[in-house]
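Below, chain A is the first sequence line, B the second, and so on; all start at residue 1. Predicted, not measured: the structure shown is a model, and the values here were computed from it.
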Amino acid sequence: HIVLFLRELYSRFFSFLSWVFLFAVWVIRWEEERYTDGSKWRFLEHKGPVFAPPYEPLPDNVRFFYDGKNMKLSAPAEEVATFFAKMLDHEYTTKDIFRKNFFKDWRKEMTPEEKSKLTDLNKCNFSEMNEYFKAQSEAKKQMSKEEKQKIKEENERVLQEYGYCIMDNHKERIGNFRIEPPGLFRGRGDHPKMGMLKRRIRPEDIIINCSKDSKQPKPPPGTRWKEVRHDNKVTWLVSWTENIQGSIKYIMLNPSSRIKGEKDWQKYETARRLKKCVDRIRAQYRDDWKSKEMRIRQRAVALYFIDKLALRAGNEKEEGETADTVGCCSLRVEHIKLYPKIDEQEYVVEFDFLGKDSIRYYNKIPVEKRVFKNLQLFLENKQPEDDLFDRLNTSILNKHLQELMDGLTAKVFRTYNASITLQQQLKELTCPDDSIPAKILSYNRANRAVAILCNHQRAPPKTFEKSMQNLQTKIDEKQKQLSTARKQLKTAKADHKRKAVQRIEEQLMKLQVQATDREENKQIALGTSKLNYLDPRISVAWCKKWGIPVEKIYNKTQREKFAWAIDMAEDDYEF
DNA sequence: CCTGCGACTTGCATTCAAAGAC
DNA sequence: GTCTTTGAATGCAAGTCGCAGG
């Protein structure tokens, strides 16, 4: 007995120790390691990027025709031609700007002879190339299991070698360790640069960032890096300058990494601080609607929109460099319409503009009389293309916000309003007696409310109608099944019959819930809000409170990204 | 102030792979 | 097993915001 007792004591002691240890690890991982000098790490080691595979010239039997005549292209010209040929089925290639930009850049890659011969894109026939690539992708699909397995293994090997780095004491997953391959730029919306050639990135374009005491990544044989630097004030491992906009691209860590997780946590903590003082800020901007200064009134009305409608800040953009899209501060007169009275409502503002990614924002909302009067004032003597808020920009607004609360910027309102909406909707929609699938439907509905607030849209999936139909047939079948099962139960009141009925009822309910969920989600994208705006601790707490496994709302990747929240949040967490 | 740049987050679409239907 | 469908992973464009330098 004594031996058993000691054993028990030992095991308790060790389980206690391991608990202490785990807790310490948790604290170290999420609480410690705030460098006070702005540095992001002390040690960083990685293998550098993976480059795009080199161009493989087309076989001779794949021909290109100009003006009906077969023509063998030089390798550089041929490569660019294949980019276009691959996109032939896409609507892009019919657009004037796309064709014009492509042709201009293509000609730069041609030999002098090619340049003098190929003067009209309309006379170019890429169809054999196009068919060749279609056949190739078809062949890829038809590959044997073994061949597919081999490719998979090779990918896994590359991932193991290049996909991880050491940052401080952790091995971390890298987000995007492959360099973007060359191709034709496809902007979103009406982009003036669509069709331009995105050039191939070489080692000589690459800046490596790592710590001095690390093993430096080696450039491919016979090449060298543009630069190797040791800047621990930034988080990126690799950077290069892209040729379309001249902007810098980075290789950074995966969202599951310490450095991203901490930043994410910080973001939600800032939003929670806003929660504490949002009433004061709202009172202030309402007061500012009456200011004698125009710039203050504009600032106050803009902030009201950002708060109420979750609009983005709206930085100025260089004209002609990008698609014409706007956010709050860059709204123009042409983007709003004022209705003193419409459909029984007073002081209605109609918004209609293209926002980020050229997604349309359309909304008609009644506003306070004072806001309405201010808007009328802002519109006076202006042309449609003039700025609505001519005395305001994001930098002015953010400076003001900074004075109202440390760390406050326009986007914090989006985070705050998204998260608080989720929390409040979950409270409102979750019925304690509901089954798990019904509760998850409620969760999705709460998530959907946020997505609608943030205007997160998607193109309805091409197969949407069909997949809805399929689901409906399943439901019909299940209903038939249920009625037969019920009949059988009536004739023979056996226990297993009763159970069968119950089981089928459950299945039917599950299907119906699924159908509702899918229908409501037709044009709404939940992913962005889930990943970027909703404090994951709200969701984790909700799961704990109602006994819902976290896996039901977060998949593996999401659980990795939100590991910090899954660790932290208890069932009583309040945003 | 204004402008441009740099770093980092956000966002939709496409591609890929696993699950489910046949 | 094979074909379809679906959800996850990836891709990369497009925002936000702070800061340096004139």
Quiz item: How does protein reach along nucleotides 13-18 of chain C, written 5' to 3' as B (base within reach of a heavy atom under 4.0 Å), S (only sugar-phosphate), or - (no contact)?
Solution: SBSBBS
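- For the pairing with A/Leu408, the side chain to side chain contact (heavy atoms under 4.5 Å, CB included) check across A/Thr270, A/Val278, A/Ile281 returns one residue only, A/Ile281.
- Closest to the A/Val234 side chain, of the nucleotides B/dA7, C/dT10, B/dT9, is B/dA7.
- If you check B/dA7, C/dA8, B/dT10 against the side chain of A/Arg229, the one that comes closest is B/dA7.
- Distances were taken from every side-chain heavy atom of A/Arg178 (C-beta onward) to each of B/dC8, C/dG11, B/dA18; the shortest belongs to C/dG11.
- Here B/dA13 presents its P atom at 14 Å from CG of A/Leu526, a figure rounded to the nearest Å.
- The ring pair (Phe, Tyr, Trp, His ring centres under 6.0 Å) check on A/Phe353 picks up A/Tyr361, with sequence neighbours excluded.
- What separates CD of A/Glu91 from P of B/dT14 is a distance of 11 Å, to the nearest Å.
- A/His46 meets the ring pair (Phe, Tyr, Trp, His ring centres under 6.0 Å) test with no other residue; sequence neighbours excluded.
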N/O contacts under 3.5 Å, protein versus nucleotides 3-5 of chain C?
residue	atom	partner	partner atom	Å
C/dT5	OP1	A/Lys466	NZ	3.1
C/dT5	OP2	A/Lys466	NZ	3.2

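- Note: CD1 (A/Ile201) to P (C/dG11) measures 15 Å, nearest angstrom.
- A/Phe575 pairs by the ring pair (Phe, Tyr, Trp, His ring centres under 6.0 Å) definition with nothing, not counting sequence neighbours.
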N/O contacts under 3.5 Å, protein versus nucleotides 19-21 of chain B?
residue	atom	partner	partner atom	Å
B/dA21	OP1	A/Lys474	NZ	3.2

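- The interatomic distance linking A/Gln558 (CD) with C/dT10 (P) rounds to 13 Å, in whole Å.
- Annotation: ring pair (Phe, Tyr, Trp, His ring centres under 6.0 Å) contacts of A/Phe351 (sequence neighbours excluded): A/Phe305.
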Could you go through residues 181-190 of chain A and list every donor-acceptor pair under 3.5 Å that involves a side-chain atom there, pairing it with any protein atom two or more places apart or in another chain?
none

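- What separates CD1 of A/Ile151 from P of B/dA17 is a distance of 9 Å, to the nearest Å.
- Annotation: salt bridge (Lys or Arg N to Asp or Glu O under 4.0 Å) contacts involving residues 448-458 of chain A, sequence neighbours excluded, comprise A/Arg448-A/Asp517, A/Arg448-A/Glu520.
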Practice problem: Determine, stepwise, if the pair A/Glu242 / A/Lys198 fulfils salt bridge (charged side-chain N to carboxylate O under 4.0 Å, His left out). | Solution: CA-CA 8 Å; A/Glu242 150 274 348; A/Lys198 224 171 70 163; over 6 Å; no
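- Computed from coordinates, the A/Trp41 CH2 to B/dC8 C1' distance equals 16 Å when rounded to whole Å.
- The A/Arg414 side chain lies nearest to B/dG11 when the options are B/dC16, B/dC8, B/dG11.
- Residue A/Leu531 contributes atom CG, which lies 11 Å from atom C1' of B/dT9 at whole-angstrom precision.
- Heavy-atom distances to DNA chain B give each of A/Asp231 and A/Asn455 a nearest nucleotide, and the one nearer the 5′ end belongs to A/Asp231.
- Listed by first and then second residue, the salt bridge (Lys or Arg N to Asp or Glu O under 4.0 Å) pairs that reach into residues 386-407 of chain A are A/Lys382-A/Asp390, sequence neighbours excluded.
- Scanning for salt bridge (Lys or Arg N to Asp or Glu O under 4.0 Å) contacts around A/Lys47 gives A/Glu161, with sequence neighbours left out.
- Evaluation of the salt bridge (Lys or Arg N to Asp or Glu O under 4.0 Å) test over residues 524-539 of chain A, restricted to residues two or more places apart or in two chains, returns A/Glu269-A/Arg537, A/Asp535-A/Arg537.
- For the OP1/OP2 pair of C/dC12 and a distance below 4.0 Å, the side-chain nitrogens and oxygens of A/Tyr250 include no atom meeting the criterion.
- Between the NZ atom of A/Lys260 and the P atom of B/dC8 there is a distance of 7 Å, given to the nearest Å.
- Between A/Lys317 and A/Thr325, the side chains place a donor N or O and an acceptor N or O closer than 3.5 Å (distance only, hydrogens not considered).
- Annotation: of the two residues near DNA chain B, A/Arg458 and A/Lys233, the 5′-most nearest-nucleotide partner is A/Lys233.
- The side chain of A/Ala459 lies closest to B/dA13, out of B/dT10, B/dA7, B/dA13.
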